[in-house]
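This report concerns only the one structure given below.
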There are 2 protein chains.
Amino acid sequence: MVTVHDVARAAGVSISTVSRALATPDRVAAPTRDRVTAAARELGYRPNRAASVLRAGRSGAFGLVVPDLANPFFATVAKGAQARARQRGLGLFVVDTDEDPELEAEAIAHLAPQTDGILLCSPRAVGSAVAALEGRPVVLVNQNADGLPSVVTDQAGGMLRAVEHLRALGHRRVAYVGGPRSSWSDRRRREGLREAVELFDDVELVELGDFRPQVAGGQAAADLVVASGATAVVTFNDLVAIGLVDRLRARGLRVPRDLSVVGCDDSYVASLVDPALTTLRADLRDVGRRAVDHLAAVAGPGRDTLAEVPPLDVELVVRASTALPPAR
Amino acid sequence: MVTVHDVARAAGVSISTVSRALATPDRVAAPTRDRVTAAARELGYRPNRAASVLRAGRSGAFGLVVPDLANPFFATVAKGAQARARQRGLGLFVVDTDEDPELEAEAIAHLAPQTDGILLCSPRAVGSAVAALEGRPVVLVNQNADGLPSVVTDQAGGMLRAVEHLRALGHRRVAYVGGPRSSWSDRRRREGLREAVELFDDVELVELGDFRPQVAGGQAAADLVVASGATAVVTFNDLVAIGLVDRLRARGLRVPRDLSVVGCDDSYVASLVDPALTTLRADLRDVGRRAVDHLAAVAGPGRDTLAEVPPLDVELVVRASTALPPAR
DNA sequence: ATGAAAGCGCTAACAA
DNA sequence: TTGTTAGCGCTTTCAT
């Protein structure tokens, strides 16, 4: 293993000069610096991260904790964060908690000590999660709590756009098929829907759920939606929408002829199924990028720079699953 | 920050006893051990990972490098590996290389020094990737090269089962829509198909490709498949199959009436689309689990325990996209 | 601008 | 069984 000592000997300087030349190049005379960097490259020197962390107390890496990597929602956020961290010269270690609050706390306790800060994406139990951090800098992603710094999307705005769209088509009774009660997104969506229908006093809202945020959840919800008399429905996510469409078809009902359906997330399945889903899209890579930037600001020297990140836009993507309500 | 010294003082022992009591409990007298663990708990002691790594040369964590976390194939492997690492009391840091060979090498160079070994999943450039490891233990996942330890699935066996299935339905001319030439899976599948058709001398194979491993690739391939005169087709993955079905439909052809389609991977979209895809499935979580186990064996003390992991089974999942060939 | 030297917190010989 | 001690490789005062 090549150490600072080897580089120092090769460059004919002391180890402190090597350290300086590599970490703070402007504090070293140009010719010296060049000799050092040349020697380092030649010998294939790689700084020992552990030693550097131990001494400097910084790791140059952030951690990202997500409930489920197989969920394209989180995978996309992770990719955005990863790319941004790389741009900033930081490492990013991703950990999956399998939707389990206990594993979540455990993973955080494991991760926190070897990072400079943690990105906590849709935590399943904010309380224990934050406790496990032991004061390490954190940014919540896709969730708000306790005045902790966070990056979120404008769920309420998305709901408003969905309702506007359905109302313009002529729908007057709209159902919502909700996801897990513990989900922050679900709460925000319900609130957003209520605000939206209040705005247009000719539209009624029927709230259903909670349902599992998967295909099976949509299948389970379908009959309730039909019974509710709604002519259009907004679902917790695209998978639920797909399950809904499936069960309706089994009952001889067609989308969008008999019922209009709006999904959420614009996951990549949304455009693959038949009919292609009208859905709500946020730029999730951007969520990941901004989360890293925000954490860098929060964890950085000027810790008071808690400039709030405004909620990111949610846009409506219109495809084939919404149309005029059935004639009566 | 609480250190071994604080714990030692509180328990009335030396720091080495603390270290031992926590790392190798059976080498410490029971009463002493209890006092130490009690003191550690009480003070909220958390071992400093960096110090431990620096001194012991072990990090207690593995790294997993994947080309694309948003690809459900890799996400599933990652989840399996993550769960297994946790069971073994190891950390697992996942890094996404965005399908870029340069980022791949960079990520590995970044990750390798702070882990005890690397899981390299479908590397885009094995050469530079392995070079970046600098001799650190590695296990290749979903790829074979240079006699490096690896965990792979039985692609050839899967192809055999697909051909058997299609032949039993009466198909005699089968096309393969291939993925990237750089893909190890693609090479193994082509070989497997050739072996399979050789076994049954009444079946012909038409090899097409390479095509992009996405929906667009399948759309691009569809017309070639039709022109080939094949009555059945195996595609590089499920997305390609979906694109294929889509383009066929646009041409007025129906699946499986006019053409039978077999996908690969059984990604979760396979059962969502219409028609639901017949496809080949491997237990990818198990791939992740075994990869961790194998790396633990390779990186462990008895390094000669290079027990080869036999290729994991690939099974055929029959759904609605395969049927009898069209009557002629 | 550069060097000498003191540890960061921990583990593992070696001694007792 | 337990304690003493010597660093792991690096950063960072403090001198020069």
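Computed from heavy atoms alone, side chains included, the values below leave out hydrogens, waters and symmetry copies. Computed from a predicted model, the values in this text were never measured in an experiment. Letters A, B, ... mirror the listed sequences (proteins, then strands); counts begin at 1.
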- Give Arg58(A) one of three labels, base, sugar-phosphate or nothing, depending on what nucleic acid heavy atoms sit under 4.0 Å from its own. sugar-phosphate

- Item | Spacing of Asp26(A) atom CG relative to dT2(C) atom P, expressed in whole Å | 13 Å

- Looking only at side-chain atoms of Ala29(B), point me to the closest of dT1(D), dT11(C), dG9(C). dT1(D)

- Under 4.0 Å between a side-chain N/O of Ser52(B) and OP1 or OP2 of dC10(C), yes or no? no

- Message: OP1 or OP2 of dG3(D) versus the side-chain N and O atoms of Thr17(B): is any pair under 4.0 Å?
- Response: yes

- Task: Consider the side chain of Ser16(B), meaning its heavy atoms from C-beta on, and name the nucleotide among dC8(D), dT4(D), dT11(D) that approaches it most closely.
- Result: dT4(D)

- Message: Given 3.5 Å as the limit, does a donor-acceptor pair link the side chain of Asp96(B) with the main chain of Asp98(B), or not?
- Response: yes

- Between dA6(D), dC8(C), dT2(D), which one does the side chain of Arg55(A) approach most closely? dC8(C)

- Task: Verify side chain to side chain donor-acceptor pair (under 3.5 Å) between Gln155(B) and Thr153(B), making sure each step is shown before the conclusion.
- Result: CA-CA 6 Å; Gln155(B) 297 295 335; Thr153(B) 54; 2.8 Å; yes

- Task: Could you check how far CZ of Arg35(B) sits from P of dT1(D), rounded to whole Å?
- Result: 15 Å

- Touch check for Thr3(A), heavy atoms < 4.0 angstrom, all strands: base, sugar-phosphate only, or nothing? sugar-phosphate

- Pairing residues for Arg187(A) by the salt bridge (charged side-chain N to carboxylate O under 4.0 Å, His left out) criterion, not counting sequence neighbours: none

- In this structure, which one of Ile108(B), Leu111(B), Val65(B) forms a side chain to side chain contact (heavy atoms under 4.5 Å, CB included) with Leu133(B)? Ile108(B)

- Item | Separation of atom NE2 in His5(A) from atom P in dC10(D), rounded to whole Å | 8 Å

- When you measure from the side chain of Arg20(A), which nucleotide among dA4(C), dC10(D), dT2(D) comes out closest? dA4(C)

- From dT1(D), dT12(D), dG9(C), nucleotide with atom closest to Leu54(A) side chain: dG9(C)

- Task: With the side chain of Ser14(B) defined as its heavy atoms from C-beta on, choose the nearest nucleotide among dT1(D), dA1(C), dT4(D).
- Result: dT4(D)

- From dT5(D), dG3(C), dC10(D), nucleotide with atom closest to Ile15(B) side chain: dT5(D)

- Out of dA12(C), dG9(C), dT2(C), minimum distance to the side chain of Asn48(B) belongs to dG9(C)

- Message: I need the CG-C1' distance between Asp6(A) and dC8(D), as an integer number of Å.
- Response: 14 Å

- Message: According to salt bridge (charged side-chain N to carboxylate O under 4.0 Å, His left out), who are the partners of Arg188(B), at least two apart in sequence or on a separate chain?
- Response: Glu191(B)

- Item | Closest listed nucleotide, where the reference is the side chain of Val28(B) and the choices are dG9(C), dA1(C), dT2(D) | dT2(D)

- Scan Val53(B) against the nucleic acid and name what it touches under 4.0 Å (heavy atoms): base, sugar-phosphate only, or nothing. nothing

